[in-house]
Amino acid sequence: MGDSIDNFVSGLNSWYSTSIAVKAIDALRKNHFDAGFFDSREEAINIIMDFVKPGMTVAFGGSQTLKQLGLDLLIAEAGAIILDHNKEGLSQEEKIEIMRKQQVCDLFLCSSNAITTQGEIYNIDGNGNRLSALIFGPKKTIIVAGVNKLCLNESTAWDRVRNLAAPINMKRLNRQTPCTEKGVCMDCRDDARGCNIFLALKRKPSLSDISVFIINESLGF
């Protein structure tokens with residue numbers, strides 16, 4: 001009995017997430033983004049790896065989603081050069097220099113804090129290096145997100161960004177900010193805050209080549 005109920009609920013959740021994902025994909029395409037929906041992470045990984053060539057430069061936008069997919073290891077094995085500003089042992093100056101190089105890499109991979117069924121992409125950042133690369137610079141950008149990132153509209157997207165993604169990320173980074181105490185955004189003036197830049201992509205930036213891949217599972221936060 002328990003298993004049948006679990007399967008029934010799981011089926012309904014899958015139906016719902018697929019329904020809103022299909023709506024988001026259609027809207028993203030109308031907003032001039034290349035977009036695709038994948039039932040499994042393996043399908044998405046195979047498509048992403050088709051873009052990776054030996055010797056090319058690849059940068060990551062600090063995404064837990066991409067870490068879950070293990071793309072960093074796969075890309076390194078494919079012979080690409082990974083620009084990793086979080087590599088151990090780097091000085092602050094070296095980190096910043098790598099961040100600058102990431103802006104003009106061959107392939108930039110990141111996730112998003114929220115994607116709406118209107119085909120709009122919402123993100124928040126502290127330094128802005130991830131978001132600046134997302135707007136313009138890399139030859140190719142791929143945004144990868146689980147269905148948990150999907151929101152119905154701009155209002156629910158910003159609510160997700162500020163009161164779910166941002167506090168959890170600050171907790172991950174061990175930042176002693178008000179949101180890590182309260183669990184929600186306090187719009188603080190703390191020097192350690194990680195929400196200094198808010199970015200909404202309403203349409204694809206005209207000179208950027210961006211694909212948005214949505215995977216039918218919960219990934220990242």
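The first residue of the sequence shown is numbered 1, and numbering continues consecutively from there. Predicted model only: the values in this text are computed from it and were never measured.
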With side chain to side chain contact (heavy atoms under 4.5 Å, CB included) as the criterion, how do I210 and H32 come out once you've worked through the C-alpha distance, each side chain's angles and the decisive distance to 0.1 Å?
CA-CA 9 Å; I210 301 176; H32 308 299; over 6 Å; no

Does the side chain of I47 come within less than 4.5 Å of F38's, by heavy atoms?
yes

Taking side chain as C-beta onward, heavy atoms only, is E154 less than 4.5 Å from Q118?
no

Does a donor on one side chain and an acceptor on the other come within less than 3.5 Å for N153 and T156?
yes

I81: which residues meet the side-chain contact (heavy atoms from CB on, under 4.5 Å) condition with it, sequence neighbours left out?
T57

Answer yes if the side chains of N123 and R130 hold a donor-acceptor pair under 3.5 Å, and no otherwise.
yes

Are F213 and D34 packed together at the side-chain level, in the sense that at least one heavy-atom pair is separated by less than 4.5 angstrom?
yes

Under 4.5 Å between any side-chain heavy atoms of I124 and L199, yes or no?
no

What pairs with Y122 under ring-ring contact (aromatic ring centres under 6.0 Å, His included), at least two apart in sequence or on another chain?
W158

Spacing of I96 atom CD1 and K101 atom NZ [to the nearest 0.5 Å]:
13.5 Å

If you group Ile, Leu, Val, Met, Phe, Trp and Tyr by side-chain heavy-atom gaps below 4.5 Å, do M56 and I45 land in one group?
yes

Say you draw a straight line from CG of L69 to CG of L219; how long is it, rounded to the nearest 0.5 Å?
5.5 Å

Does this structure show an ion pair linking E181 with K171, if we count only N-O contacts that are shorter than 4.0 Å?
no

Can you tell me if CG on D191 sees more than 12 non-hydrogen neighbours from other groups inside 6.0 Å?
no

For K204, give me all partners under salt bridge (charged side-chain N to carboxylate O under 4.0 Å, His left out), at least two apart in sequence or on another chain.
none

L74 vs M49 side-chain heavy atoms within contact, under 4.5 Å:
yes

I want to check something: taking the side chain as every heavy atom from C-beta on, are F60 and L71 in contact at a cut-off of under 4.5 Å?
yes

Check the pair I115 / L28 against side chain to side chain contact (heavy atoms under 4.5 Å, CB included), numbers first and verdict last.
CA-CA 9 Å; I115 300 172; L28 284 161; 4.3 Å; yes

Under a single-linkage definition using a 4.5 Å side-chain heavy-atom cutoff for Ile, Leu, Val, Met, Phe, Trp and Tyr, are V58 and L66 assigned to the same hydrophobic cluster?
yes

Strictly distance-based, threshold 3.5 Å: is any side-chain N or O of E120 a donor or acceptor partner for the main-chain N or O of A200?
no

Using a 6.0 Å cut-off, check whether atom CZ of R100 has over 12 heavy atoms from anything other than its own residue.
no

Does either side chain, that of R160 or that of N163, offer a donor lying less than 3.5 Å from an acceptor on the other one?
no

State, yes or no, whether a side-chain contact exists between I75 and I82 at a heavy-atom distance under 4.5 Å.
yes

Side-chain donor-acceptor pair present, Q64, S111, cut-off under 3.5 Å
no

Nearest 0.5 angstrom please: R175 CZ to T180 OG1, how far?
10.5 Å

Just checking, any donor-acceptor pair under 3.5 angstrom between side chains of S91 and E94?
yes

The reported gap from CG in L83 to CG in L107 (rounded to nearest 0.5 angstrom) is 10.5 Å

Could you give me the CA-CA distance, side-chain angles and deciding distance for S14 and N216, then say whether side chain to side chain contact (heavy atoms under 4.5 Å, CB included) is met?
CA-CA 8 Å; S14 180; N216 193 20; 3.6 Å; yes

Q176 side, atom CD; L173 side, atom CG - distance, nearest 0.5 Å:
11.5 Å

Could you tell me the separation between the CG atom of L150 and the OG atom of S17, rounded to the nearest 0.5 Å?
8.0 Å

If we ignore angles and hydrogens, is there a donor and acceptor under 3.5 Å between the side chains of K140 and S208?
no

How far apart are the C-alpha atoms of I48 and V144, what are their side-chain angles, what is the distance that settles it, and do they pass the side chain to side chain contact (heavy atoms under 4.5 Å, CB included) test?
CA-CA 9 Å; I48 293 168; V144 187; 3.7 Å; yes

Would you indicate whether the side-chain heavy atoms of I121 and F33 approach each other to under 4.5 Å?
yes

